[in-house]
Amino acid sequence: MSTAVVVGGGPAGLMAAEVLARADVAVTLYDRMPSPARKFLLAGHGGLNITHSEGREPFLARYGTSADRLAPMLDVFGPDDLRQWCAGLGEPTFVGSSGRVFPQSFRATPLVRAWLARLSELGVVVQRRQRWAGWTDRGLLFAAADGRSVEVESDATVFALGGASWPRLGADGGWVEPFAARGVAVAPLRAANVGVRVGWTATFADRFEGSPLKHVRLTVRGHRVTGDAMVTRTGLEGGPVYALGAAIREALDDEGHCDLEVDLRPSLSGAQLTERLERRRPKDSGSNWLRRSIALDPVGISLVRESGALPSDPAAMAALVKAVPVRVTGSMPIARAISTAGGIAWSEVDDSLMLRRLPGTFVAGEMLDWEAPTGGYLLQASFSTGVLAARGAMRWLGT
Ligand SMILES: Cc1cc2nc3c(=O)[nH]c(=O)nc-3n(C[C@H](O)[C@H](O)[C@H](O)COP(=O)(O)OP(=O)(O)OC[C@H]3O[C@@H](n4cnc5c(N)ncnc54)[C@H](O)[C@@H]3O)c2cc1C
């Protein structure tokens, strides 16, 4: 019987373990934490969004420059396969109003429990509290929590060590150094799907921390995204902010700051807004004018005020409401990010996700250099790459 080691017990590693075990490979999975899948379990706290129901082309477009490399993996194990797999574990899924797909329980706990039981039935051995620390001449080196270390040999290895966000859940990016030392090109790990910093006035932060900016359109360097953003004490977060993450990072890298424009009324044109603003009552204060004529809420009005003195000319005010300037001074640290950009360069792996420099060694999940917005795309790619890496390992093992 061939043996395989899977290092990392997140969605990508557990999926690789399942696929290999089903092919009668003796699988041992190592994880540094006392139990696997901690980030997956946390992802389930706010309502586990496991994949998305949109069509192949728009789905793939979410992966930006990695779409071409991920396309074959999503063809091998796509959203429908993932939904069937969930149902097979007793967790049927449904499509929410936004097109996002959720398990009926909304949580990851029942899924993980059933999954670990299934893996155990398939003979997968899970070694907990074993931190992979690098390679020796004979194989893989693991350091146990009690200070002892073990060397492990295997016929094939799948690494699925994740990125570097939420390090207390296990994935801390500690793998970068040993891989780089073996000559594997790794794009720097950066925070993705993360809030940004804005120097709000104390009055604005005190009053509006936690307030949603509903249905706004954010623009950065020609990229536009519409949705609900959230004011935080130190900046902004939420779907449209995350979706613009790559453009924001680029601007921060180039200029040290990023000028974001907030359109507070994306469904009305500048001319329509001007027309409404022309109906100002003589006694209206600036705030009342904005509230009565174009129905801006208090957070919207104050955001406009944050940018300086209010113009009195209706056309100038309309232009401001369509593009309130907000200066982003940085992003929140990677430890607070939902996911990680960067990772092992695509050029380092072949079509089966085997490292060209380390034959018999495969990589999957967030370790690879792809990124995607929230919406189920992160988990889908983690599962899909896990399946593909395992199939590559099976071919390598001749099973
Ligand atoms: C708060 C939050 C909410 C999220 N919500 C969603 C969502 O709703 N939908 C979605 O699609 N995505 C979501 N994500 C992202 C998603 O959870 C990740 O993309 C996914 O877990 C990545 O899977 P992975 O297997 O590549 O890595 P991980 O899940 O990070 O797993 C890596 C594993 O490797 C282990 N490991 C790391 N280093 C070592 C080492 N040296 N030795 C041994 N083991 C090691 C870790 O302990 C861990 O178990 C969310 C993330 C967060 C933080």
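Remember, it's 1-based here, ligands and their atoms both numbered in the order they're listed.
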**Student:** Enumerate the atoms of ligand 1 whose separation from the nearest heavy atom of Gln130 is less than 4.0 angstrom.
**Tutor:** 42 (N), 43 (C)
**Student:** Nearest non-hydrogen contact with atom 42 (N) of ligand 1 belongs to which option: Phe159, Trp132, Phe383?
**Tutor:** Trp132
**Student:** Please write down residue, atom name and distance for the protein heavy atom closest to atom 44 (N) of ligand 1.
**Tutor:** Arg32 N, 3.1 Å
**Student:** Considering non-hydrogen atoms of the protein only, which is the closest contact for atom 48 (C) of ligand 1, and what is the distance?
**Tutor:**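 The closest heavy atom on the protein side is Asp31 OD2, 3.4 Å.
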**Student:** So which protein heavy atom does atom 5 (N) of ligand 1 come closest to, and at what separation?
**Tutor:**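 Answer for atom 5 (N) of ligand 1: Ala43 CB, 3.3 Å.
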**Student:** Tell me, with the steps shown, if Thr93 and Gln104 meet side-chain hydrogen bond (donor to acceptor under 3.5 Å, both in side chains).
**Tutor:** CA-CA 5 Å; Thr93 52; Gln104 251 157 29; over 6 Å; no
**Student:** Where is the tightest heavy-atom contact between Asp259 and Arg327, given as atom of each residue plus distance?
**Tutor:** OD1-NE, 2.9 Å
**Student:** State, without any angle test, whether Thr274 and Glu278 hold a side-chain donor-acceptor pair at a distance under 3.5 Å.
**Tutor:**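 Judged by distance alone, the side chains do not pair up.
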**Student:** If the contact criterion is a heavy-atom separation under 4.0 Å, does Ser165 count as touching ligand 1?
**Tutor:**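 False for this residue.
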**Student:** Hey, is Ser339 one of the residues with a heavy atom under 4.0 angstrom from ligand 1?
**Tutor:** no
**Student:** Should Val19 and Met394 be marked as a side chain to side chain contact (heavy atoms under 4.5 Å, CB included) after you check the CA-CA gap, both sets of side-chain angles, and the distance that decides it?
**Tutor:** CA-CA 9 Å; Val19 172; Met394 280 156 55; 3.8 Å; yes
**Student:** Using a 4.0 Å cut-off to any heavy atom of Asn49, which atoms of ligand 1 qualify?
**Tutor:** 7 (C), 8 (O), 9 (N), 10 (C), 11 (O)
**Student:** Output the list of atoms in ligand 1 that are nearer than 4.0 Å to some heavy atom of Ala160, sorted by atom number.
**Tutor:** 32 (C), 33 (C), 34 (O)
**Student:** Distance check, rounded to the nearest 0.5 Å: Asp31 atom CG versus Gln130 atom CD?
**Tutor:** 10.0 Å
**Student:** Out of Pro167, Gly9, Pro11, indicate the one that has the non-hydrogen atom closest to atom 21 (O) of ligand 1.
**Tutor:**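 Answer by nearest heavy atom: Pro11.
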**Student:** Quick check with a 6.0 Å cut-off and a 45 degree axis cone: is Arg281 positioned over the face of Trp289's six-membered ring?
**Tutor:** no
**Student:** With nothing but distance in play, are any N or O atoms of Leu379 less than 3.5 Å from an N or O of ligand 1?
**Tutor:**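 For ligand 1, there is an N or O atom that lies under 3.5 Å from one belonging to Leu379.
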**Student:** Hey, which atoms in ligand 1 end up nearer than 4.0 Å to a heavy atom of Leu42?
**Tutor:** 1 (C)
**Student:** Side chains of Thr329 and Arg197: any donor to acceptor distance under 3.5 Å?
**Tutor:** no
